[in-house]
Protein chains: 2
Amino acid sequence: MEPVRREQLIKATIESVAELGLQGTTINSISKKAGLSSGIISHYFGGKQGLIEATVRYLLSSLKYSLMAQVTESTSPEQRLMYIIEANFALVQQRKDTTRTWLSFWAQSMHDPELHRLQNVNSKRLYSNLASSFRQLMNADSAKRAAELSAAMIDGLWLRAVLSQSDKDQFKHSEQLAKQYVRSLISQYGA
Amino acid sequence: MEPVRREQLIKATIESVAELGLQGTTINSISKKAGLSSGIISHYFGGKQGLIEATVRYLLSSLKYSLMAQVTESTSPEQRLMYIIEANFALVQQRKDTTRTWLSFWAQSMHDPELHRLQNVNSKRLYSNLASSFRQLMNADSAKRAAELSAAMIDGLWLRAVLSQSDKDQFKHSEQLAKQYVRSLISQYGA
DNA sequence: TTATTTTTATTGAACGCTCAATTAATAAAA
DNA sequence: TTTTATTAATTGAGCGTTCAATAAAAATAA
């Protein structure tokens, strides 16, 4: 039962945070969405905080695996960069409510050490994924710079899309802009 | 007394949200920081929500005026673009805690109509400020594209700096990157 | 098999706490 | 004195957590 319930509760948490915000999300709003009692949360996660953290870890690993599913050994560096961008914009398409949840958690990470740790893992991973791909296309310094800039561009486009409550098409548009930008970095610095 | 107390309470709110987050901020944490009693908040702002919204409006107009203070009629388009970037990164220097507060508010804006309205005002203003300056340096379509991209770049660099709990130097570094990027857009599309 | 015990899974009411808001009291100013 | 500004105490709603009770499932014994 345990794995079933855990997933049930994590998905209910994503929905609740997307709908009501982290502030408005209570143990009741979650358990109601999951169709379970409120007591079960403490039973499986030790408390509300434990469930929140488990939910962030769940989102993080979703992102990780959606990238890993695409990339193989024969994937070209440029193609790999495109996959990284797609993965970062993809969660939207899978679950339209995930992006709002994501931003809520990042805002909270400023005041919660464990969330901040997880946020750092995510931020560094985006950077190093980008950097290692760029590295195959240009010198080390340029690759670092390109990774820093494109990480910011991806996050910025994503942030503006989320905050303006964009629809799927606008997210697609942002994704295209990010891809174009990465291509322009390659032709600018590329060997 | 009223204007004095209002400013006192707004500044205490900024501090409290920066320190404790929007979740952790209570009328007690605010009034304590302001050295006043909790009842005074309802008296001057009608309640906590009113104070929160007044604080966002305060931050918004700070940003607006810090830009207006720099720009004159004789400011060149390129210089004006640099001032826009400086203004967006500048709140950090004035008050080191302001940036965290901003992000907290923007996250909350997804679930609060009035905050969302204010967030939109801000986002649109950044875009149109950029666009009108770019327009003097390139054709209309390029200017729109350049404004969209540089708005995202500014927000992305800013977001990553805030979330990684950067110090002032790292913020300065991000500001420099944003400026360089805008310059590269000018030389790329510029007439 | 059937009956009995034990374990596991789940509930929801009760508890203590914290919050925002209100209120009556008080102090200061006009 | 009347008005304005402020406090401090109080209220009631809502929160997360706990926990005794229960139901369902599994294991054991007859």
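Proteins get letters first, then strands, A, B, ... in listed order; numbering begins at 1 in each.
Salt bridge present: A:Lys11 and A:Glu7 bring a charged side-chain N and a carboxylate O closer than 4.0 Å. We find that A:Arg100 and A:Glu19 are not joined by a salt bridge, their nearest charged nitrogen and carboxylate oxygen being 4.0 Å or further apart.
Residue B:Gln49 contributes atom CD, which lies 14 Å from atom P of C:dT22 at whole-angstrom precision. The CG-P distance, from B:Asn28 to D:dA8, rounds to 12 Å in whole Å. For the pair B:Ile41 CD1 and C:dA21 C1', the computed distance is 11 Å after rounding to whole Å. Whole-Å rounding puts the A:Ile52 CD1 to D:dG16 C1' distance at 12 Å. What separates CD1 of A:Ile40 from P of D:dA21 is a distance of 19 Å, to the nearest Å. Rounded to an integer number of Å, the gap from CZ of A:Phe45 to P of D:dG16 is 15 Å. In this structure, CD of B:Gln23 is placed 12 Å from C1' of D:dC15, rounded to the nearest angstrom.
Nucleic acid contact for A:Ser29: none, since no nucleic acid atom lies under 4.0 Å from a heavy atom of the residue. Among the protein residues, B:Ser42 comes within range of the nucleic acid bases, having at least one heavy atom under 4.0 Å from a base atom. In this structure, A:Gly39 reaches the bases: a heavy-atom distance under 4.0 Å links it to at least one base atom across the strands shown. Heavy atoms of B:Leu36 sit under 4.0 angstrom from primed sugar atoms or phosphate atoms, though from no base atom. Contacts of B:Tyr44 with the nucleic acid, taken as non-hydrogen atoms under 4.0 Å apart, involve only primed sugar atoms and P, OP1 or OP2.
Side chain of B:Ser37, nearest nucleotide from C:dC19, C:dG12, D:dT6: D:dT6. In the set D:dC15, C:dG12, C:dA20, the nucleotide with an atom closest to the side chain of B:Ile27 is C:dA20. Taking every side-chain heavy atom of B:Lys48 into account, C:dA21 is the closest of D:dT6, C:dA21, C:dT10. Distance from the side chain of B:His43 is smallest for D:dT6 among the nucleotides D:dC15, D:dT6, C:dA20.
Nearest heavy atoms, A:Thr75 versus A:Gln70: OG1-O, 4.3 Å.
Within the 4.0 Å cut-off from OP1 or OP2 of D:dA5, not a single side-chain nitrogen or oxygen of B:Arg5 is found.
C:dA25: Watson-Crick or G-U partner is D:dT6, with both key distances under 3.5 Å.
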Please assess A:Arg183 against A:Gln180 for the test side-chain hydrogen bond (donor to acceptor under 3.5 Å, both in side chains), listing each intermediate value before the final yes or no. CA-CA 5 Å; A:Arg183 286 194 206 99; A:Gln180 266 183 255; over 6 Å; no
Might you work through the side-chain hydrogen bond (donor to acceptor under 3.5 Å, both in side chains) test for A:Arg160 and B:Ser123, ending with a clear yes or no? CA-CA 8 Å; A:Arg160 290 180 73 85; B:Ser123 178; 3.1 Å; yes
